[in-house]
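Nothing fancy with the numbering, it's 1 onward along the sequence. Both counts, for ligands and for their atoms, begin at 1 and track the order of listing. Worth saying up front: this structure is predicted, and the values here are computed from it rather than measured. The analysis underlying the following values was restricted to heavy atoms, covering all of them including side chains, and did not include hydrogens, waters or symmetry mates.
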Amino acid sequence: MDKTAFFTMPSGLYVVSAAADGLRAGCVINTAVQVTSVPPRISIAVNKDNVTSGVIASAKAFALTVIDQTADMLYIGNFGFRTSSDYDKFAKYETRETALGMPYVPEHAAALFSCRLIDTVDVGTHLLFIGEVEDAERLSSEASLTYDYYHKVLKGKTPPKASSYQG
Ligand SMILES: Cc1cc2nc3c(=O)[nH]c(=O)nc-3n(C[C@H](O)[C@H](O)[C@H](O)COP(=O)(O)O)c2cc1C
């Protein structure tokens, strides 16, 4: 199999976040997709080992921000290369909450989606969470950060927990 074929699939980059039982968690993902329009629903794939997946399952809700091109590697590193288990990723950023009580960082974000969890599909290493969008908001007029831009301009790497990781 030519695994470089997967690199041709375009995607954006997002931060998905949630809070439950006193724990705030969030991580970078490239696997958010709008799956329906009426009602609006979004799917995300989150690794079972990521702290964020357990918190989403407990919260039965998540916030999803679309990362914009103002994002730097400090921001990506904070959400994409560290784990929420012993570290509060929101501490160094202005943090707001959705109406469902989910934390999100408005900085470096083009848009916000507040989602209620309606279904979870076990796809092996990852859980596919289906969320119904209860609210959506534009946060900046900056261009969205694509995975392609992340690789080519920010020279970013892909960690093992990402769906797109090629070991
Ligand atoms: C560019 C990039 C893309 C990523 N895509 C995904 C993804 O689609 N799904 C996923 O579960 N993790 C993905 N990750 C990895 C998580 O962000 C990473 O494992 C994070 O540290 C998990 O944090 P947590 O343990 O606090 O949940 C990605 C990371 C980066 C940097």
CA sep, side-chain torsions, deciding dist, call: Leu13, Val28, side chain to side chain contact (heavy atoms under 4.5 Å, CB included): CA-CA 7 Å; Leu13 285 175; Val28 172; 4.2 Å; yes
Report, in ascending order of atom number, the atoms of ligand 1 lying under 4.0 Å from any heavy atom of Val46. 11 (O)
I'd like to know if Thr158 contacts ligand 1, where contact means a heavy-atom distance under 4.0 Å to any ligand atom. no
Do Lys48 and Asp122 sit within salt-bridge range, that is, some charged N less than 4.0 Å from a carboxylate O? yes
Would you mind running through ligand 1 and noting each atom that sits below 4.0 Å from a heavy atom of Leu13? 1 (C)
Looking at ligand 1, would Pro159 count as a contact under a 4.0 Å heavy-atom criterion? yes
Hey, is Tyr147 one of the residues with a heavy atom under 4.0 angstrom from ligand 1? yes
Ion pair check, Glu132 and Arg41, cut-off under 4.0 Å: yes
Under a heavy-atom criterion of less than 4.0 Å, does Gly26 contact ligand 1? yes
Under the criterion side chain to side chain contact (heavy atoms under 4.5 Å, CB included), which of Leu64, Asn30, Ile42, Leu145 is the partner of Tyr14? Leu64
Quick one: does ligand 1 sit under 4.0 Å from the side chain of Ala25, the backbone, both or neither, non-hydrogen atoms only? neither
Part of Ser53 within contact of ligand 1 (heavy atoms, under 4.0 Å): neither
Contacting atoms of ligand 1, where contact means under 4.0 angstrom from a heavy atom of Phe79: 17 (O), 20 (C)
Return the option from Leu23, Thr125, Ile67, Thr83 holding the heavy atom at the smallest distance from atom 25 (O) of ligand 1. Thr83
Under a heavy-atom criterion of less than 4.0 Å, does Ala45 contact ligand 1? yes
Note: Lys89, heavy atoms under 4.0 Å from ligand 1, region reported as side chain
